[in-house]
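Reminder, nothing fancy here: chain letters follow the sequence lines and each chain counts from 1. Computed from a predicted structure; not experimentally measured.
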Amino acid sequence: MSPVGTTDKSTTPDPRLRFDPETFGLKQFPRKFFHLDTARVARTIIGAWIARRFNKQWYGARIVETEAYLGSTDAAAHSYRGRRTPRVEPMYMEGGHLYVFFVYGMHCCANVVTRPAGIAEAVLLRAAEFPEQAPAKLLSGPGKLCAALGIGVRHSGLDLLAAGDIRLFRPKRENPRIGISRRIGVDYAGEAVTWPLRFFDADSPAVSGPRSLRKP
DNA sequence: CACATGATCGCCT
DNA sequence: GGCGATCATGTGG
């Protein structure tokens, strides 16, 4: 048995998510975009595509739900009160890096790091879709999104702008109706529970969470 | 629909 | 030792 990497179970992306970014005409965001206000980044990447290259093929899905985590003042964030441990270290990197963590003994969650280096904020990717290619629920939730794309903690700290195997592509011209709500699964976070930092495509069937939080 | 529960283990105090 | 930025399943209204 391998002594390490036991938390990264499936590395293989779901074959139904195969696509070609060039055919889709997708391009990447500039670095400075990821330096912007975290809530703004979270909102803007609704409609963007998270993509992974595996065995020379690209797999990806359109992001339909995100949450912003604001760092030292945000009791829901792993970087709350400046916590800086090996696991959280990627959150302190320059915007545009990836932060992946393992929770509940069985799931991984992927985040896009924001702001300049040293400011530990990030956007959690909560749900995505690939209409007419995959079932609406395949990537409906942060753990399922990682599982479907085969993203694991081994990818934490990777630079999305380094022409590597995981990238984020800008949406084509589109204007999704954006819904906003409090964040999910952070009831322990005191006052921060109510902060309106969750963003979603109000017309997507792939959005996760209770019905009460899916209204625009 | 809401709510409750079990699974499962790395991380942090 | 306790607990999670979750999920699937089960119950009840």
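- The shortest heavy-atom contact between Thr114(A) and Leu36(A) is CB-O, 4.4 Å.
- Going from atom CZ of Phe169(A) over to atom CH2 of Trp58(A) covers 5.0 Å, rounded to the nearest 0.5 Å.
- Here dT13(B) presents its C1' atom at 13 Å from CZ of Arg87(A), a figure rounded to the nearest Å.
- Atoms CD and OG, from Glu89(A) and Ser156(A) in turn, are 10.0 Å apart once rounded to the nearest 0.5 Å.
- Regarding Arg81(A), its CZ atom lies at a distance of 10 Å from the P atom of dT13(B), rounded to whole Å.
- If you take NE2 on His107(A) and SG on Cys146(A), they are separated by 10.5 Å, rounding to the nearest 0.5 Å.
- At a cut-off of 3.5 Å, with distance as the only test, no side-chain donor of Gln57(A) or Tyr59(A) sits close to an acceptor on the other residue.
- Rounded to an integer number of Å, the gap from Tyr99(A) OH to dG10(B) P is 15 Å.
- In this structure, Trp195(A) has its ring center no closer than 6.0 Å to that of Tyr69(A).
- Helical stems of DNA chain B (runs of at least 3 Watson-Crick or G-U pairs, donor-acceptor distances under 3.5 Å) are listed by first residue: B:1-7 with C:6-12, B:9-12 with C:1-4.
- Arg83(A) comes within 4.0 angstrom of sugar-phosphate atoms only, judged by non-hydrogen atoms across all strands, and of no base.
- On the nucleic acid side, DNA chain C contacts chain A at distances under 4.0 Å to non-hydrogen atoms, with the end points of that region at dG4(C) to dA8(C).
- With sequence neighbours excluded, no residue forms a salt bridge (charged side-chain N to carboxylate O under 4.0 Å, His left out) with Arg81(A).
- Look at CE on Met106(A): it is 8 Å from C1' on dG6(B), rounded to the nearest Å.
- As judged by a 4.0 angstrom heavy-atom cut-off over every strand, Ser208(A) is placed among residues making no nucleic acid contact.
- Using a 3.5 Å distance cut-off with no hydrogens or angles, the side chains of Arg62(A) and Ser204(A) do not pair a donor with an acceptor.
- As a whole-Å value, the separation of Ile184(A) CD1 from dC3(B) P is 14 Å.
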